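Below you will find the structure I want to go over with you.
Lettering of chains follows the sequences in order, A, B, ..., and the numbering in each one begins at 1. Keep in mind the model is a prediction, meaning the values are calculated, not measured.
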2 protein chains.
Amino acid sequence: MKSEKAYKRSRQRESILGVLRNTSTHPTASWIYDQLKDDYPGLSLGTVYRNLNILLEMGKIQKLQFGSTFDRFDGNIHPHYHFICEECGSIYDMDMDMDAQIIHSVETMSGHSVRNYRFEFYGICSRCKNKAEN
Amino acid sequence: MKSEKAYKRSRQRESILGVLRNTSTHPTASWIYDQLKDDYPGLSLGTVYRNLNILLEMGKIQKLQFGSTFDRFDGNIHPHYHFICEECGSIYDMDMDMDAQIIHSVETMSGHSVRNYRFEFYGICSRCKNKAEN
DNA sequence: GTTCATGCAAATCGTTTGCACAATG
DNA sequence: CATTGTGCAAACGATTTGCATGAAC
């Protein structure tokens, strides 16, 4: 009956987490693979992917570019906030003033030049919340 | 010598843009394909993709990327801003206070519940700017 | 008539998965 | 020993691309 997952330790998984914690480069799966190939001659990319997903489940790492696997297209070329419903997958445009202040402070504190930005909120949309109440 | 691209008009491209402008659903390429299949019996998905990329080049549409290329992983599980350099591809963590105010106003104005968010800035990083100056 | 766009199918590429074997608890 | 992890290769799915034909200018 119990559907809890019982993770067993593995050298590979711990090394993958170690690599991730010792870099600030937000690496890709294959970069991690390259780093570990020397230590684990027989390592396979599949194992790296499997472990990254497990570490994600365990909440020990974060993945950028999550959500659906499809690219979505938008006829509105003005930057704007999006709200993505994790239940039904709908993407809503949020009609808000972009906060120029934030962009300015990012630029001054980092020295980078901002040309574009993308703000996304994830959660449950009002429609799905209403459905759940019935 | 001239490397400018000379786009020729095409019915298909105009219809794709039309579909995109007449919906607020942020469709995928294959959804657009399905919409147009009746009007263009011989339409191919490849054509839809090709035209979406051209419309992107022309700046007439926007692409929200979720998957496709490659996922990046982050050992830091706290939500934080990212700055992505369009020149060198580096991803920087931005050390800022997340503005709880923004999340609150998104929730009140939309009725959606925010569980997570992702703020990304795109531009040229300070390192690349310095290189350009030499 | 030269250039660009199309349709079709095959190719690409990051990621996932099935399987037999090894490691963990 | 029951379960989870591994390596390998094949499978997958969204997107891209090569090629011959068709449309635009």
Protein-nucleotide distance (A/Leu45, atom CG; D/dG5, atom P), rounded to Å: 18 Å
Nearest listed nucleotide, side chain of A/Ala6, among C/dG7, C/dA5, D/dT4: D/dT4
Heavy-atom protein contacts under 4.0 Å, nucleotides 19-25 of chain C, coded B base, S sugar-phosphate only, - none: -----BS
Any A/Asn53 side-chain N or O less than 4.0 Å from OP1/OP2 of C/dT16: yes
Nearest-angstrom distance from the residue atom NZ of B/Lys63 to C1' of D/dA14: 11 Å
Between P of D/dG22 and CG of B/Leu43, the distance in whole Å: 17 Å
Partners passing side-chain contact (heavy atoms from CB on, under 4.5 Å) against A/Glu14 (at least two apart in sequence or in another chain): A/Arg9
DNA chain D: 5'-proximal contact among A/Gly46 and A/Asn51 (nearest heavy atom): A/Asn51
B/Tyr117 and B/Phe119: CA distance, side-chain angles, deciding distance, side-chain contact (heavy atoms from CB on, under 4.5 Å) verdict: CA-CA 7 Å; B/Tyr117 43 85; B/Phe119 289 5; 4.2 Å; yes
Beyond-backbone contact of B/Arg13 with B/Tyr7, side-chain heavy atoms, under 4.5 angstrom: yes
Nearest-angstrom distance from the residue atom CG of B/Leu55 to P of D/dT15: 15 Å
A/Ser44 side-chain N/O to D/dC8 phosphate OP1/OP2 under 4.0 Å: no
Atom-to-atom span, CD of A/Glu14 to C1' of D/dG5 - whole angstrom: 12 Å
Atom-pair distance (OH on B/Tyr49; P on C/dT6), nearest Å: 16 Å
Integer-rounded Å distance: C/dT17 P and A/Ile54 CD1: 12 Å
Flag side-chain contact, heavy atom, 4.5 Å: A/Lys63 against A/Leu52: no
Between B/Tyr92 and B/Phe121, ring centroids under 6.0 Å: no
Side chain proximity check, A/Tyr122 to B/Arg115, heavy atoms < 4.5 angstrom: no
For atom CG of A/Leu52 and atom C1' of D/dT6, their distance in whole Å: 15 Å
Name each donor-acceptor pair under 3.5 Å that joins a side chain in residues 39-47 of chain A to protein atoms two or more places apart or in another chain, with its distance.
residue : atom : partner : partner atom : Å
A/Tyr40 : OH   : A/Arg11 : O            : 3.4
A/Tyr40 : OH   : A/Ser15 : OG           : 2.6
A/Ser44 : OG   : A/Gly46 : N            : 3.4
A/Ser44 : OG   : A/Thr47 : N            : 3.3
A/Ser44 : OG   : A/Thr47 : OG1          : 3.3

Presence of A/Gln12 side-chain N/O under 4.0 Å of D/dG7 phosphate oxygens OP1/OP2: yes
